[in-house]
Amino acid sequence: MAADGFQFAFTPEVQAATAPAWEKVKRHITPMEWRGQAPLIAEINRLKREKDAVILAHNYMTPEIFHGVGDYVGDSLGLAKEAAKSQAKVIVQAGVHFMAETSKVLSPEKTVLIPDLRAGCSLASSITAADVRLIKQRYPGLPVVTYVNTSAEVKAETDICCTSANAVQVVEAAARQWGVERVILIPDEFLARNVARQTDVGIIAWKGRCEVHERFTAADIVELKAAYPDAEVLAHPECPAEVLEVADFAGSTAAMNDYVLRRRPKRVVLITECSMADNVAADAHETEFVRPCNLCPHMKRITLENIYDALLHGRHEVTVDPAISERARLAVQRMVDLPPPAKPARYDLIKARHHVDVELI
Ligand code: 13P
Ligand code: SF4
């Protein structure tokens with residue numbers, strides 16, 4: 001699909017301007033594809049300067065977006081922190097709608113654009129603000145910890161947000177601060193169960209699921225390990241607990257990235273969204289990636305073409321009602337202001353615990 005009115009020409013200037021990105025992606029993109037993508041990448045990068053815009057790109061973006069136009073790339077926590085401190089006038093969120101809303105909540109004075117308004121999330125759509133109000137009535141006095149993969153309305157009903165990178169730390173901080181032994185951690189049932197294996201704090205969970213990670217099974221991992229005995233298996237904590245039990249390591253997308261770049265395994269399997277392996281592989285040439293991936297249809301709605309259109313036409317602007325935004329900001333800001341954990345959440349002690357106290361609402 002051609003972007004609005006854009007003339008594609010792979011000129012020597014375009015080739016030179018996009019050469020660093022090409023170095024990163026050339027193992028995953030053919031020269032023929034690149035000749036189509038490079039002019040758009042060069043033009044997006046020019047438009048960013050003209051409009052004083054930055055592109056915040058999640059680790060699940062395709063490599064031409066991630067390496068070609070992303071100014072800041074990372075996991076949900078990293079993107080939220082960047083949104084809070086960015087000086088640019090415009091933020092283009094190369095990710096899903098809840099991420100764009102989080103950016104708007106943290107930077108209400110900035111224009112926040114999402115290239116496709118349909119880029120949703122099965123976790124975010126699993127729960128409403130009315131659901132959270134009912135949960136609070138049922139468990140008065142318990143703090144509500146909400147995964148960032150939720151709408152601004154849900155965040156507004158929340159005491160503190162968390163991401164997969166800091167969920168254990170946030171749950172323990174909330175229990176300490178409220179002086180309670182149990183907290184409400186919503187809406188991802190699997191994240192809640194995986195956090196419960198890392199802490200003595202009791203967890204009350206909701207039945208939301210990530211449609212990408214819930215599809216992986218322990219049997220898939222056992223089969224992969226039999227086929228590739230030397231492969232290290234890294235899984236995202238949105239996967240079922242049985243998957244994490246047979247994996248070698250679990251962590252957020254940023255933690256998986258760090259694991260590969262620091263430890264340089266000979267062979268690795270990333271149990272997560274498809275583009276993650278392509279993006280990490282660009283900086284880990286000596287590692288072989290086995291790729292049993294599941295696509296996130298929401299993340300894949302974001303393309304170079306609609307990023308270009310977003311910048312050119314200022315669409316689609318994400319707005320949040322100021323009253324909702326004010327309350328949601330408190331919950332997100334409490335998370336952003338937490339001191340960095342002594343150790344990143346790794347979930348790799350998961351096999352050590354026997355008692356897991358989770359009440360499912
Ligand atoms: P993280 O990048 O925070 O690990 O989250 C993964 C995810 O599913 C975002 O939608
Ligand atoms: Fe939502 Fe899962 Fe897609 Fe992330 S990968 S946006 S949690 S559906």
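One-based numbering, in listed order, for ligands and for the atoms of each.
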Are the side chain of [X] and the backbone N or O of [Y] linked by a donor-acceptor pair below 3.5 Å?
X: Arg334; Y: Asp159; answer: yes
X: Gln93; Y: Gly95; answer: no
X: Arg197; Y: Arg193; answer: yes
X: Arg262; Y: Tyr259; answer: no

His58 N/O to ligand 1 N/O under 3.5 Å: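 Among all N and O atoms of His58, at least one is under 3.5 Å from an N or O of ligand 1.
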Which ligand 1 atoms, with their elements, are less than 4.0 angstrom from a heavy-atom of [X]?
X: Glu238; answer: 6 (C), 7 (C), 8 (O)
X: Asp75; answer: 1 (P), 2 (O), 3 (O)
X: Ser164; answer: 1 (P), 3 (O), 4 (O)
X: Ser252; answer: 4 (O)
X: Met299; answer: 10 (O)
X: His236; answer: 1 (P), 4 (O), 5 (O), 6 (C)
X: Met99; answer: 9 (C), 10 (O)

Protein N, O or S atoms under 2.8 Å from atom 1 (Fe) of ligand 2: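 Step by step: take atom 1 (Fe) of ligand 2, keep protein N, O, S below 2.8 Å, and you get 1.
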Ring geometry between His213 and Phe216 (parallel below 30°, tilted from 30 to 60°, perpendicular above 60°):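 Correct class here is tilted.
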Carboxylate-amine/guanidinium contact [X] [Y], below 4.0 Å:
X: Arg315; Y: Asp309; result: yes
X: Asp278; Y: Lys24; result: no
X: Arg46; Y: Glu50; result: yes
X: Glu359; Y: Arg182; result: yes

Asn149 touching ligand 1 at heavy-atom level, < 4.0 angstrom: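 A heavy atom of Asn149 does come that close to ligand 1.
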Common cluster, Ile221/Phe190, ILVMFWY with side-chain heavy-atom separation under 4.5 Å: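 Per the 4.5 Å side-chain linkage, Ile221 and Phe190 are not co-clustered.
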Numbered atoms and elements of ligand 2 in range of Tyr60, under 4.0 angstrom, heavy atoms: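 Numbered from 1, ligand 2 contributes 5 (S).
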Closest protein heavy atom to atom 3 (O) of ligand 1, given as residue, atom name and distance to 0.1 Å: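 Nearest protein contact, heavy atoms only, for atom 3 (O) of ligand 1 is Ser76 OG, 2.9 Å.
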For ligand 1, the portion of Glu273 having any non-hydrogen atom under 4.0 Å away: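 No part of Glu273 comes within reach of ligand 1.
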For His58, the option from Asn279, Ile65, Val96, Thr253 that meets side chain to side chain contact (heavy atoms under 4.5 Å, CB included):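 Filter result, single survivor: Thr253.
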Contact check, side chains of Ile184 and Val145, non-hydrogen atoms, under 4.5 Å: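 In short, these two side chains do not touch, never coming nearer than 4.5 Å.
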